[in-house]
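Quick note: residue numbers are just sequence positions, from 1.
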Amino acid sequence: MPDSSRGRPTALITGASAGIGAALAKVFAAHDHDLVLVARRRDALEALAGQLEGKHGVKATVIVDDLGDPEAPDRIFAAVRDAGIQVDVLVNNAGFGLGGEFSETPIERESAMVQVNITALLHLTKLFIAPMLKRRAGHVLNVASTAAFFPGPLQSVYYASKAFVLSFSQAIAEELAPSGISVTCLCPGPTETEFAQVAGMKSVRLPNMDVADAADVAEFGYRAMRAGSRVAVPGARNKLVVQAQRFVPRRLIARAMERMQRRRL
């Protein structure tokens, strides 16, 4: 049973201060989940926590930490454990991108991206599924991107990091299936968030692609998780593009992606 005094399940959401993370927090709260909100920006987290507690009557715990620090996952897990909180849903949403020629982009920024997008996600999942296994219940929702399905010239490390998240999620979903733990990988297309600004790009929009609302993506991801879907791609056009790439040589996809990405730099 959830550890909440009122019997609610608890969802821990990383990168919860803005964008899809904040939208996911709102969706989980609307569906009667207590929350553990994790990000670097205390003011944004506390404002969101207060808003959701007031609107939905849930409990929202704020943990301020930087997943760029390799020790952050251990600190987060210890903080949750010491607070006596049982995490029923782990949402690995934190991540960022970087645009530019690989030969010119700073390795320090790319190493930080790998730490946040891959290593921290891996570490948090390892920590939080252990108690889920003991209970034989729980959910993991990993936020990747439609980028996971493509090579990404001019965002090479970001695209590769999301490919890791997708492959990893599908693999452990199979491993954990007999234990009662579900794993869902949410793969949104272009979404209205801070992504482009952080990545140093002009726009999140790809040519001929719609830009989704973060609230719609979050609701889609929640429903996919509840349904036990292993891979969730919101939007009919995104689904079509993901399926179509299976029939096109990767070299041609890489060439097309390079042309599209260059328009955004």
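Looking at Met132 and Leu176, their side chains never come closer than 4.5 Å, going by heavy atoms from C-beta outward. Considering only heavy atoms from C-beta on, Val183 stays 4.5 Å or farther from Ile129 through its side chain. Using a 4.5 Å heavy-atom cutoff, the side chains of Glu174 and Arg230 are in contact. By the 4.5 Å heavy-atom criterion applied to side chains, Gln245 and Arg250 are counted as neighbours. Residues Val157 and Leu98 are not in side-chain contact: their nearest non-hydrogen atoms beyond the backbone lie 4.5 Å or more apart. Taking the side chain as every heavy atom from C-beta outward, Val231 and Ser169 never approach each other to under 4.5 Å. Put simply, the side chain of Cys187 does not reach to within 4.5 Å of the side chain of Val242, judged on heavy atoms. In this structure, the side chains of Gln261 and Pro153 stay at 4.5 Å or more apart for every pair of heavy atoms.
When atom types are taken as modelled, the side chain of Thr191 and the backbone of Gly189 share a donor-acceptor pair closer than 3.5 angstrom. Judged by distance alone, the side chain of Thr61 and the main-chain N or O of Val36 form no donor-acceptor pair under 3.5 Å. Distance alone, capped at 3.5 Å, places no donor-acceptor pair between the Asn93 side chain and the Val143 backbone. The backbone N or O of Gly97 sits nowhere less than 3.5 Å from a side-chain atom of Arg109 that would complete a donor-acceptor pair. Between the side chain of Asp88 and the backbone N or O of Thr10, at least one donor-acceptor pair lies under 3.5 Å. Panel note: side chain Glu53, backbone Ala60; a donor-acceptor pair is recorded below 3.5 Å. Distance alone, capped at 3.5 Å, is enough to place a donor-acceptor pair between the Ser111 side chain and the Ile107 backbone.
With rounding to the nearest 0.5 Å, the separation of CG in Asp66 from CZ in Arg40 is 5.5 Å. Note that CG of Leu35 is 9.0 Å distant from NE2 of His56, once rounded to the nearest 0.5 Å. With rounding to the nearest 0.5 Å, the separation of CG in Asn92 from CG in Leu124 is 5.5 Å. Interatomic distance, Asp74 CG to Leu127 CG, rounded to the nearest 0.5 Å: 5.5 Å. Atom-to-atom distance recorded for Thr14:OG1 and Asn142:CG is 9.0 Å, nearest 0.5 angstrom. Atom-to-atom distance recorded for Phe168:CZ and Leu122:CG is 5.0 Å, nearest 0.5 angstrom.
In the hydrophobic clustering of this structure, Leu240 does not group with Met260; members are Ile, Leu, Val, Met, Phe, Trp, Tyr whose side-chain heavy atoms approach within less than 4.5 Å, directly or through other members.
Shortest non-hydrogen contact noted between Ala232 and Ala224 is CB-CB, 3.5 Å. When all heavy atoms are compared, the tightest approach of Gln155 to Gly99 is CG-CA, 4.1 Å. Nearest approach of Val27 to Ala215, heavy atoms of both residues: CG2-O, 4.5 Å. Contact between Ala49 and Val62 at its shortest, heavy atoms only, is CB-CG2, 3.8 Å. Between Asn238 and Pro190 the shortest heavy-atom distance is OD1-CD, 4.3 Å. The two atoms that bring Met257 and Tyr159 nearest to each other are CE-OH, 3.2 Å, heavy atoms only.
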- Query: Under the side-chain contact (heavy atoms from CB on, under 4.5 Å) criterion, do Phe77 and His123 qualify, and how do the steps go?
  - Reply: CA-CA 10 Å; Phe77 184 75; His123 195 174; over 6 Å; no

- Query: Between Leu12 and Ile76, is a side-chain contact (heavy atoms from CB on, under 4.5 Å) present by the stated rule, with each step listed?
  - Reply: CA-CA 10 Å; Leu12 184 151; Ile76 293 165; 4.1 Å; yes

- Task: Would you sort out whether Asp69 and Arg75 count as a side-chain contact (heavy atoms from CB on, under 4.5 Å), showing the intermediate values?
- Result: CA-CA 10 Å; Asp69 181 347; Arg75 288 195 298 266; 3.0 Å; yes

- Take His31 and Glu219 through the side-chain contact (heavy atoms from CB on, under 4.5 Å) test and state the conclusion after the steps. CA-CA 10 Å; His31 288 281; Glu219 183 66 33; 3.4 Å; yes

